[in-house]
Protein chains: 2
Amino acid sequence: MHSVNAGDDDRTARARIRDAAIACFAARGVDGTSLKAIAEEAEVSQGLILHHFGTKKGLRTACDEYAVATIQESKTSVMGAGPQVDPLAAMRADSDGPPVMEYLARTLADGSPEVAALVDGIVEAADAALAEGVKSGMLKPIDQPREVAIVLTLWSLGLLALHRHAERLLGVDIIGPPEERARYVRIAMEALGRGLFTDEAYQHARDALAAPDEERRS
Amino acid sequence: MHSVNAGDDDRTARARIRDAAIACFAARGVDGTSLKAIAEEAEVSQGLILHHFGTKKGLRTACDEYAVATIQESKTSVMGAGPQVDPLAAMRADSDGPPVMEYLARTLADGSPEVAALVDGIVEAADAALAEGVKSGMLKPIDQPREVAIVLTLWSLGLLALHRHAERLLGVDIIGPPEERARYVRIAMEALGRGLFTDEAYQHARDALAAPDEERRS
DNA sequence: AATATAACTGATCACATAGTCAGTCTCAAG
DNA sequence: CTTGAGACTGACTATGTGATCAGTTATATT
């Protein structure tokens, strides 16, 4: 009865609580989720949650750490295959585990230090991937490579945060499996790959933007 | 004492409550804000909030409507100046009013119908702007103009939702005044304007993506 | 088997919350 | 002046919250 396992679930109670919390937080937000709801979802008592995590904030932190670790893991495994243009492509949550991507989408905006560090790491990876792409001749030389890496990363993650809008407008669940995201990648490729401006319009815009006060180059 | 106005503030109490709610919601989120906190901020009793708005949800809806109306207003006024590439540039909150942009950034992700409608409207505007740009020869022809308009809009709005990350990584407050955002525009221009891929790499990637279903392992 | 340690529960606490209500005050119209 | 309606308040309620705690059960160690 009071065993470590409950039902046919072989996860430890601690893991079950964490996963339940991630699911609840992803679905209704951290503030919108009570410990009671998590306890019911994990089929444990509410007291056990606090026994394991101390406070709700502690649970939140544990969720952040787990999500970050999960994503880092899949990121490095995907990274081995070669440089990736789309930072999002490097992030793929296991379909069987807790909904890490949804959780991240929810918590990206209300900045915890753990998530901030994750974002920083993704930027670094994107920066490296861009440099690699330039070196291999796949990408054009970039004037502000780091800044471009940052913006590309935040565009991707921002789209993740707004994935419900993307689903409504585009009919694409960018959190879903790779084949579901293929349409998005094609659209992104059209915008980012060849560029939108005509050559002369780009030169003109560039000159107009370059004019201001100070110049920041690497 | 019980007059319509309080202190030297000539807004109606109803407007003061709404503005205070927007400020609190923007700062700490809707769920993280109590009616008591709003009442204190607006210098009214908590009962008056419910007298005017019925429920907290009603207040939230009123905030959404006000924010949407404010942004729509500035959007159309900016639109008169000509087609805009960056959807964000069309949105500028008055510096004196409540922090509408911060509020929008907070609420973009937890989709209310009002905000969803606003997003749809911005997409329409971006779509029209793209078409205009193509027509005037500023932009290259676009294969999937509507989809590109959607993605560009969501990238911009997603960046807005993640503006704290942008500030940390880029040192740019994209909510701030236009001159503050100039650096971001230059970066976005480098990525979107001329494109990142070399010509042959783009052709190659494009061909690879055009194939209906393929397992893409780079 | 004995014992210590950790897992776990359910009752309970103090507190914050959204919402209700009775009644006061202001002001304008009759 | 009277009256009625809406603005407004402060006390109140019912409920939900995170957290505490005493006590119980399981697991591991010896």
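Everything numeric here is computed off the predicted structure, so don't read it as measured data. In the text below, chain A, chain B and the rest are named by the order of the sequence lines, each starting its count at 1.
Residues passing the side chain to side chain contact (heavy atoms under 4.5 Å, CB included) test with Ala131(A), sequence neighbours excluded: none. Take Lys57(A) and apply the salt bridge (charged side-chain N to carboxylate O under 4.0 Å, His left out) test, not counting sequence neighbours, and it matches no residue. Not counting sequence neighbours, Arg28(B) has no partner by the salt bridge (charged side-chain N to carboxylate O under 4.0 Å, His left out) test. Taking the salt bridge (charged side-chain N to carboxylate O under 4.0 Å, His left out) definition, one finds that Asp110(A) meets it with Arg60(A), sequence neighbours left out. Residues that satisfy the salt bridge (charged side-chain N to carboxylate O under 4.0 Å, His left out) test with Asp173(B), not counting sequence neighbours, are absent from this structure. Partners of Ile142(A) under the side chain to side chain contact (heavy atoms under 4.5 Å, CB included) rule, at least two apart in sequence or in another chain, are Leu130(A), Val134(A), Pro145(A), Val148(A), Glu190(B), Arg194(B), Leu196(B). With sequence neighbours left out, the side chain to side chain contact (heavy atoms under 4.5 Å, CB included) criterion links Ala205(A) to Phe197(A), Met189(B).
Between the axis at the start and the axis at the end of the helix from dA1(C)-dT30(D) to dG30(C)-dC1(D) there is an angle of 10°, using five pairs per end and rounding to 10 degrees.
Residue pairs meeting the ring pair (Phe, Tyr, Trp, His ring centres under 6.0 Å) criterion with at least one member in residues 31-65 of chain A: none, sequence neighbours excluded.
Contacts between residues 32-40 of chain A and DNA chain D, counted as heavy-atom distances below 4.0 Å, involve Thr33(A), Ser34(A), Leu35(A).
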Per-pair distances, 0.1 Å, donor-acceptor, side chain in residues 118-127 of chain A, under 3.5 Å, sequence neighbours excluded:
from, atom 1, to, atom 2, distance (Å)
Asp120(A), OD1, Arg168(B), NH1, 2.2
Asp120(A), OD2, Arg168(B), NH1, 3.2
Glu124(A), OE2, Arg146(A), NH1, 3.2
Glu124(A), OE2, Arg146(A), NH2, 3.0
Asp127(A), OD2, Arg146(A), NH1, 3.3

Could you go over nucleotides 20-22 of chain D and give all protein N or O partners under 3.5 Å, atom names and distances?
none

